Student: 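Pasting in a structure now, in C-alpha cells, and then I'll have a few things to ask.
Sequence positions, counted from 1, serve as the residue numbers for this chain. From a predicted model like this one, the values you see are computed outputs, not experimental measurements. Side-chain atoms are counted along with the backbone in the values below, which use heavy atoms only and exclude waters and symmetry mates.
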Amino acid sequence: MIEYRQMKPDDINAGLKLCREANWNQIERDWQLFLQLSPKGCCVAVNEGKIVGTVTTISYKHSFSWTGMVLVDAQNQRQGIGMQLLQEALHILRNEETVKLDATPVGREVYLKLGFVDEYPLSRMYTIVDQKKLGFSAARAIQKNDLFVIAAFDLEIFGADRYALLLRIWESAPEYAFMVEKKSGVQGFCFGRQGYNYIHIGPVIANDIAVAKGLVSAALHQSRGRAVIIDVLRFDAGWLAWLLYMGFTEQRSFVRMYLGTNLFHAILKKQFAILGPEFG
C-alpha cells in the first residue's frame, strides 16, 4: 500500500535523493522554497516508510497555479505512483481556475490523459560560458529596494504576482540578478540561481531582444567558465540565433500545458526565459 501525505521539512533529504537519482538540478534551497511558499501544497508517496515520490504545487494568488517536481524512485516506477501524485496535486488545486505545468515529451502523454492542453514549446539551452564572447552590458545589479517595481513589471508580462518568489530567488543568488531601466521605468530584468549541475539563468523578462541580450550577458559574466542552462520560449528566431552564437545548444525540449480556462493575461513575446519548469 502506497500512502500519500503532505510533504514536511524533514522530507527534504528524501526529495534531494530523488533529484540526484534523476539527475535533476534542484538543491536543498529549492525544496525549502516550495515548502515556504506552499506549506500545504506539496505531497510525497510513501512505501513501507520510505519516500518514493514527490509532487509540488504553487498558487500565484488569483491568476493560476503550478505543479511540478513529479519524481518517482526508479524501483517504484510503472506502478501508477506518478499518476496518483498528479491526482493528489490536482486535488490540492481543485478550487483553482487554471493549473499549469511544463512537460517533457514522455510526461506530456500522461498529462493529455488528465485533460491538459498544449500551450507553447520551450527549449532548455546549455553552455559552458566562454568569456571571449561576452561583451559589454548596460544592465545593473538589482538591489532589494528594486524588487517592488520589478514585481509590478513582471505582473504585467508574466500575468501573475510572484513577488514573494522573486524575492527569495534574489536573496539566494543576487549575483545573477540584473535589470535595465530608463526614465520611463523598468525595461527588463533577469535572475539566476545555483543548482547541483548548473547555474540556472531565468526568468528573463524584457521589452525587446536587445534588453534581453544585455541582461543575459550580465548574468553570464558572473558565470565565466561554469556550466549554465536557460529555459527559453521559442517565439523569436533572433533570440534563439543569438543564444546559439553565444555557444548554447539545446539540451532538451518540453512544452507548457494548462488545465482549465487559461484566461489570465500574459505577454509572451516579452518572456525570453522562464524561471524553470518547477516554477513557471
Student: Does Gln131 reach the main-chain N or O of Val129 with its side chain, forming a donor-acceptor pair under 3.5 Å?
Tutor: no
Student: Are Arg252 and Asp231 within salt-bridge range, i.e. N to O under 4.0 Å?
Tutor: no
Student: Using the rule that Ile, Leu, Val, Met, Phe, Trp and Tyr join whenever any side-chain heavy atoms are under 4.5 Å apart, tell me whether Leu275 and Ile157 fall into a single cluster.
Tutor: yes
Student: Search all heavy atoms of Tyr111 against all heavy atoms of Met257 and return the closest pair with its distance.
Tutor: CB-SD, 3.9 Å
Student: Are the side chain of Gln77 and the backbone N or O of Val72 linked by a donor-acceptor pair below 3.5 Å?
Tutor: yes
Student: Any side-chain to backbone donor/acceptor pair from Arg224 onto Leu220? Under 3.5 Å, distance only.
Tutor: no
Student: Go through the steps for Gln194 and Tyr176 under the test side chain to side chain donor-acceptor pair (under 3.5 Å), then give the verdict.
Tutor: CA-CA 9 Å; Gln194 298 284 351; Tyr176 304 118; 2.8 Å; yes
Student: Sub-3.5 Å donor-acceptor pair from the side chain of Ser137 to the main-chain atoms of Ala139, do we have one?
Tutor: yes
Student: Is the distance between the ring centroids of Trp31 and Phe34 under 6.0 Å?
Tutor: yes
Student: Within the side chain of Glu181, is there an N or O that forms a donor-acceptor pair under 3.5 Å with the backbone of Gln187?
Tutor: no
Student: Honestly curious: do Leu71 and Phe279 fall in one hydrophobic cluster under the side-chain, below-4.5 Å linking rule?
Tutor: yes
Student: Between the side chain of Asn47 and the main-chain N/O of Lys50, is any donor-acceptor distance below 3.5 Å?
Tutor: no
Student: Please determine whether residues Leu114 and Val255 belong to a single hydrophobic cluster, defined as Ile, Leu, Val, Met, Phe, Trp and Tyr linked transitively by side-chain heavy-atom distances below 4.5 Å.
Tutor: yes
Student: Does the cation-pi check pass for Lys269 over Phe235, that is, NZ or CZ under 6.0 Å from the six-membered ring centre and within 45° of its axis?
Tutor: no
Student: For the side chain of Trp66 and the backbone of Pro277, is there at least one donor-acceptor N/O pair under 3.5 Å apart?
Tutor: yes
Student: Same cluster for Leu101 and Val117 if Ile/Leu/Val/Met/Phe/Trp/Tyr side chains link at under 4.5 Å?
Tutor: no
Student: Are the aromatic ring centres of Phe153 and Phe158 under 6.0 angstrom apart?
Tutor: no
Student: Taking atom types as modelled, find out whether Gln36 and Gln32 have a side-chain donor-acceptor pair closer than 3.5 angstrom.
Tutor: no
Student: Grab the two heavy atoms, one from Trp170 and one from Ala177, that are nearest each other, plus how far apart they are.
Tutor: CD1-CB, 3.6 Å
Student: Treat each ILVMFWY residue as a node, draw an edge where side-chain heavy atoms are under 4.5 Å apart, and state whether Met7 and Trp24 are in one component.
Tutor: yes
Student: So does Arg193 pair up with Glu278, basic N to acidic O under 4.0 Å?
Tutor: yes
Student: Taking the side chain as every heavy atom from C-beta outward, state whether Cys42 and Gln6 have any pair of such atoms under 4.5 Å apart.
Tutor: no
Student: How about Tyr120 and Arg256: does a side-chain donor come under 3.5 Å of a side-chain acceptor?
Tutor: yes
Student: Is there a donor-acceptor pair closer than 3.5 Å between any side-chain N or O of Arg108 and the backbone N or O of Pro105?
Tutor: no
Student: Without swapping roles, check the side chain of Ser38 against the backbone of Thr57 for a donor-acceptor pair under 3.5 Å.
Tutor: yes
Student: Hey, are Lys270 and Asp208 close enough for a salt bridge, meaning a charged N less than 4.0 Å from a carboxylate O?
Tutor: no
Student: If only atom types and distance count, is the side chain of Ser63 paired as donor or acceptor with the main-chain N or O of Phe264 below 3.5 Å?
Tutor: no
Student: Could you check whether Tyr126 and Tyr198 have their ring centres less than 6.0 Å apart?
Tutor: yes
Student: Between Thr98 and Asn262, what is the shortest heavy-atom contact and its length?
Tutor: OG1-N, 3.0 Å
Student: Between Leu85 and Thr54, is there a side-chain heavy-atom distance shorter than 4.5 Å?
Tutor: no
Student: Test Phe272 against every option in Asp236, Leu233, Val232 by the side-chain contact (heavy atoms from CB on, under 4.5 Å) rule and name the one that passes.
Tutor: Asp236
